[in-house]
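Counting starts at 1 for both ligands and their atoms, in listed order. The structure presented is a predicted model; accordingly, all values stated were derived computationally and were not measured.
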Amino acid sequence: MVLIDLLAESKRNVPVYYLDTDLLFPETYALIERVRERYGIEPVAVRTELTLDAQARLHGEALWARDPDQCCALRKVAPQRAFLARYGAWITGLRRDQSDARKELPFIEWDASSGGLAKINPLADWSEQDVWDYVVAHDVPYNALHDRAFPSVGCLPCTRHVLPGEDPRAGRWPGFDKTECGIHPVSPAVERSS
Ligand code: SF4
């Protein structure tokens with residue numbers, strides 16, 4: 001949301017998209033509606049053609065509860081890769097303080113996993129507090145779940161609230177040894193600055 005707000009101020013016509021797995025929280029869909037109204041943009045819903053019914057027929061009911069890696073590969077990674085194939089770069093809101101896996105995050109890296117394009121992480125050195133300070137100062141819309149102990153919001157079946165003292169991403173894929181959906185694998189940096 002910070003990036004969308006910064007882009008709006010820059011007046012640059014940069015496409016904004018989200019991965020619509022058909023399994024997002026109602027609060028997330030409500031936020032997308034608020035983005036439309038506030039910024040006058042039409043976020044692109046990037047999604048698989050595989051309906052939830054078709055996925056259940058092919059892979060069984062509630063794939064996310066048995067094999068979340070495959071579910072993410074079908075509903076997030078593959079659709080995003082197809083979408084990004086037409087671009088030379090993408091911009092993310094990743095930050096180093098989000099997890100151990102992200103603590104070496106560069107500002108710019110080469111994303112071979114998405115077909116080969118630049119990946120730009122302008123908020124790499126922002127802290128969580130920096131983000132909230134910006135959100136409050138600029139009255140940026142945010143997901144209502146953040147006020148209900150959901151610091152990291154994914155799909156509805158795979159995200160729970162976190163308990164006091166837990167890692168901010170502890171609510172993602174509870175019960176599984178999985179910390180990333182697959183759209184952000186670690187890749188070699190081509191430029192690092194601070
Ligand atoms: S986060 Fe869960 S429901 Fe969403 S695509 Fe991944 S496994 Fe499937």
Using heavy atoms and a cut-off under 4.0 Å, could you grab the residues that are in contact with ligand 1, chain by chain, numbers ascending? Leu23, Trp64, Pro68, Cys71, Cys72, Arg75, Lys76, Cys155, Cys158, Trp173

NZ/NE/NH1/NH2 to OD/OE distance under 4.0 Å, Asp22 and Arg47: yes

If the plane angle is over 60° it's perpendicular, under 30° parallel, otherwise tilted; pick one for Tyr134 and Trp126. tilted

With no hydrogens and no angle check, just 3.5 Å: does a side-chain donor-acceptor pair link Thr28 and Asn143? yes

Please report, to 0.1 Å, the donor-acceptor pairs under 3.5 Å made by any side chain of residues 53-61, with sequence neighbours excluded.
| unit_1 | atom_1 | unit_2 | atom_2 | d |
| --- | --- | --- | --- | --- |
| Gln55 | OE1 | Arg75 | NH1 | 2.7 |
| His59 | ND1 | Gln70 | NE2 | 3.3 |

Should we say atom CG of Asp147 is surrounded by more than 12 heavy atoms from elsewhere, each under 6.0 Å from it? yes

Fit a plane to each ring of Trp132 and Tyr142, take the angle between them on a 0 to 90° scale, and name the class: parallel (under 30°), tilted (30 to 60°) or perpendicular (over 60°). perpendicular

